[in-house]
Amino acid sequence: MRAAIEAFDTGADVGIVSKLHPTRSHSGAAEGGINAALGNAAEDSPETHAFDTVKGSDYLGDQDAIEILAAEAPGDIYQLEHWGCVFSRNDEGKLAQRPFGAAGSPRTVYSADITGHVLIHVLYEQLMRRQEQGPLEVYEEYFGWRLVIEDGRCVGVVCWDLVKGGLKLVTGKSIVLATGGMGRIYRATTNAYACNGDGMAMALHAGLPLKDMEFMQFHPTTLYPSGVLITEGCRGEGGFLINRDGERFMARYAPNALELASRDVVSRSETTEIEGGRGVNGSVLLDLRHLGAERINTKLPGSRELAMTFAGVDPIYDPIPVRPGAHYHMGGVATDNWGATELPGLYAAGEVACVSVHGANRLGGNSLMETITFGRRAGQAAAEQALVSPNGRTASGAASLADAERDLKKLLDRSEGERPWKIRDELGATMLENFGVFRYPDRMESQLDTIQALRERYEHVVVEDKGDVFNTDLTQALELGSMLDLAWVMVQAGLARQESRGAHSRPSDFPDRDDERFLHHSITRWEDDAPVLSTEDVRMTKYQPEVRSY
């Protein structure tokens, strides 16, 4: 939405293709806040924000992109506030800021613990305002399936119309991918059911490189057993993590930062406690009781409601059972600092893209900021390109549409075979077991074999619903194909990275970070129906690698 707003304001005709009604997008589930160095709670600066992000990325983040994010974030926050974002405020009336993990200053701006919900509605309101001025179209419940490429340019997307049925072609002079992440590859995840890596798979199969695909962040506090996110803001407000013995165990793993160490550190610590027999039914406990009812109800009302609804626990009186769950994918479609991919006419922003500002581990609060800052930049660049592009809407897309219709007919004509959900469930369970918080060589090798077996079974899946209207049976089958290919890409890159860095931890064979051999990005392309891996240098400016400590 931020890209569309900027493209419209730059002077372009804009259309949004969305698998969901926009305000049902997964960004609405983001809770804790959005980072910008405003300095309202303590001394801060964009330079400090940039350093914290580089350090948190385990030095795999591209530093020029990180510096852009940190420098432009304050202006973007003020613009959101002027548009109507109701951010929480401090006693002086300034925008309130709370501490978040691995941050050198309290810089996370927030709206209680429903920040994403507030942002997404304000942006949609801005879209509707511009729609009245026109032309700006929103194609709701269009499932993007394949990119359309003609004469070496991306000129559109082949979509499945969920409401009316049938394949539809949406063309344009520039295309921005903003399809989000792929957490549903895992069984335990904070991600919505829509987060299946659609955009990454579209780009991959169009010949584009994906970057750093081995890095899946596990959020330390997902509700047990549902996997619903419990915000890092709970720890930012002073919450403790305790084990079955009541011990505040983070003192053993990160004696200085404690619960506000980076997410990879906290997730590994929790997993170690659970695997060591010090957990409670496969979880640890998030204790907010000492904060008191007033603070919980004022600062964390959404988290309290989630705990009561999905775990039957009122955090005012009892600790919340939590465990690590797949949360955010640091990798994605490789772009430059304006969101441009190597394919002319195609841009990407947000979790689908890898600029890379997150490197091997994302800091909490940086993802919402990335969607705004780089969404804005991608929208501007795409619009400027469209305004000078000679082709686009004149593209026919006939060949791409015909290929898609042929493949879709082949799938729908199949009357016997396995239902997709069985394969999807096995993929999620085995990825969690074999490519989770800790990665072991034998398990990763086993997972590659599992993925190949699942891909073979996928060739014979049957879609029982042959209808046109709201055929989610069909869209889930198409999503599964993308997920299987992306899982292969992830595990292949993980096996090749013989070190431990950020969210990629190999405790049994390569427990240390190896800057000499692996201070580089993983680059994956799809060739001859298989992923092919190469490397690319990290873009450095002034921050040299050092040992992380918390």
Side-chain angles (χ1 to χ4, degrees), residues 1-7 16-36 69 73 76-77 79-81 83-87 100 108-128 138 140-144 176-184 189-200 217 219 222 227-233 302-303 306 325-330 332-333 339 347-355 357-358 362-379:
M1 287 195 284
R2 186 64 188 86
I5 290 167
E6 194 67 20
I16 293 183
V17 173
S18 179
K19 183 160 66 170
L20 305 168
H21 176 67
T23 59
R24 295 192 64 204
S25 167
H26 182 56
S27 296
E31 300 170 5
I34 179 169
N35 286 348
L69 177 76
D76 284 330
I77 288 292
Q79 183 174 56
L80 289 168
E81 196 270 339
W83 279 346
C85 280
V86 185
F87 292 121
F100 251 43
T108 304
V109 180
Y110 59 94
S111 298
D113 58 355
I114 57 167
T115 310
H117 179 83
V118 170
L119 289 176
I120 207 167
H121 280 271
V122 166
L123 288 173
Y124 189 65
E125 184 181 70
Q126 291 296 315
L127 272 186
M128 294 301 96
V138 181
E140 290 185 21
E141 294 174 315
Y142 267 47
F143 173 81
V176 180
L177 284 174
T179 54
M182 50 189 278
R184 280 287 153 185
T189 178
T190 64
N191 284 194
Y193 283 101
C195 298
N196 304 292
D198 305 328
M200 294 182 202
Q217 180 175 84
H219 196 288
T222 77
V228 172
L229 175 67
I230 298 296
T231 176
E232 190 167 322
S303 297
L306 289 171
H327 178 62
Y328 185 93
H329 193 246
M330 273 75 72
V333 182
Y347 300 77
E351 193 173 353
V352 70
C354 186
V355 180
V357 291
H358 306 307
R362 176 176 71 78
L363 297 189
N366 272 354
S367 61
L368 285 179
M369 196 70 258
E370 181 199 19
T371 66
I372 299 299
T373 298
F374 287 97
R376 170 178 53 76
R377 291 171 68 88

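Remember, predicted model here, so these are calculated numbers, not experimental data.
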For [X] and [Y], which I'm curious about, is there any donor-acceptor pair between the side chains at under 3.5 Å?
| X | Y | answer |
| --- | --- | --- |
| Asn35 | Thr108 | yes |
| Arg2 | Thr371 | no |
| Thr373 | Asp76 | yes |

Review point. CD of Glu81 to OG of Ser111: how many Å apart, nearest 0.5 Å?
Key: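 Reported to 0.5 Å precision, the distance equals 10.0 Å.
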
Check your understanding: Just how far is it from atom SG of Cys85 to atom CD of Glu125, taken to the nearest 0.5 Å?
Key ->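 CD of Glu125 is found 9.5 Å from SG of Cys85.
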
Output yes when a side-chain donor or acceptor of [X] lies under 3.5 Å from a complementary backbone atom of [Y], and no otherwise.
| X | Y | value |
| --- | --- | --- |
| Ser27 | Gly116 | no |
| Thr190 | Leu229 | no |
| Thr179 | Asp198 | no |
| Asn196 | Ala194 | yes |
| Arg184 | Asn191 | yes |

Exercise for review: Could you list the residues that satisfy salt bridge (charged side-chain N to carboxylate O under 4.0 Å, His left out) with Glu232, not counting sequence neighbours?
Suggested key: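 Glu232: salt bridge (charged side-chain N to carboxylate O under 4.0 Å, His left out) contacts with Arg235, Arg263.
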
Distance-minimising heavy-atom pair for [X] and [Y]:
| X | Y | answer |
| --- | --- | --- |
| Val176 | Ala3 | CG1-CB, 4.3 Å |
| Ala326 | Gly183 | CB-O, 4.3 Å |
| Ala378 | Ala349 | CB-CB, 4.0 Å |
| Gly227 | Thr222 | O-CB, 3.6 Å |

Test item: [X] and [Y] side chains (from C-beta on) under 4.5 Å apart, heavy atoms:
| X | Y | result |
| --- | --- | --- |
| Glu141 | His21 | no |
| Ile77 | Met369 | yes |
| Ile120 | Met1 | yes |
| His327 | Arg362 | yes |
| Leu119 | Leu80 | yes |

Check your understanding: Applying the side-chain hydrogen bond (donor to acceptor under 3.5 Å, both in side chains) test to Tyr328, which of Gln217, His219, His358, Glu351 qualifies?
Key ->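 Of all the options given, the one that passes is His358.
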
Practice item. Decide side-chain hydrogen bond (donor to acceptor under 3.5 Å, both in side chains) for Asp113 and Ser303; before the verdict, give the C-alpha distance in whole Å, the side-chain angles of both, and the deciding distance to 0.1 Å. Key: CA-CA 7 Å; Asp113 58 355; Ser303 297; 3.0 Å; yes

Review point. For the side chain to side chain contact (heavy atoms under 4.5 Å, CB included) test, which of Leu306, Thr115, Ile114 pairs with Glu31?
Key: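 Only one option passes, and that is Leu306.
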
Exercise for review: Not counting sequence neighbours, which residues clear side-chain contact (heavy atoms from CB on, under 4.5 Å) with Ala192? List them please.
Suggested key: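 Scan of Ala192 (side-chain contact (heavy atoms from CB on, under 4.5 Å), adjacent residues dropped) gives His26, Cys195.
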
Exercise for review: Could you go through the side-chain contact (heavy atoms from CB on, under 4.5 Å) check for Leu127 and Ile16 one step at a time?
Suggested key: CA-CA 10 Å; Leu127 272 186; Ile16 293 183; 3.4 Å; yes

Check your understanding: Should Tyr110 and Thr231 be marked as a side-chain contact (heavy atoms from CB on, under 4.5 Å) after you check the CA-CA gap, both sets of side-chain angles, and the distance that decides it?
Key -> CA-CA 11 Å; Tyr110 59 94; Thr231 176; over 6 Å; no

Point to revise | Derivation of the side-chain contact (heavy atoms from CB on, under 4.5 Å) call for Ile34 and Phe87 | key: CA-CA 10 Å; Ile34 179 169; Phe87 292 121; 4.3 Å; yes

Point to revise | Verdict with supporting geometry, Arg377 and Tyr347, side-chain contact (heavy atoms from CB on, under 4.5 Å) | key: CA-CA 10 Å; Arg377 291 171 68 88; Tyr347 300 77; over 6 Å; no

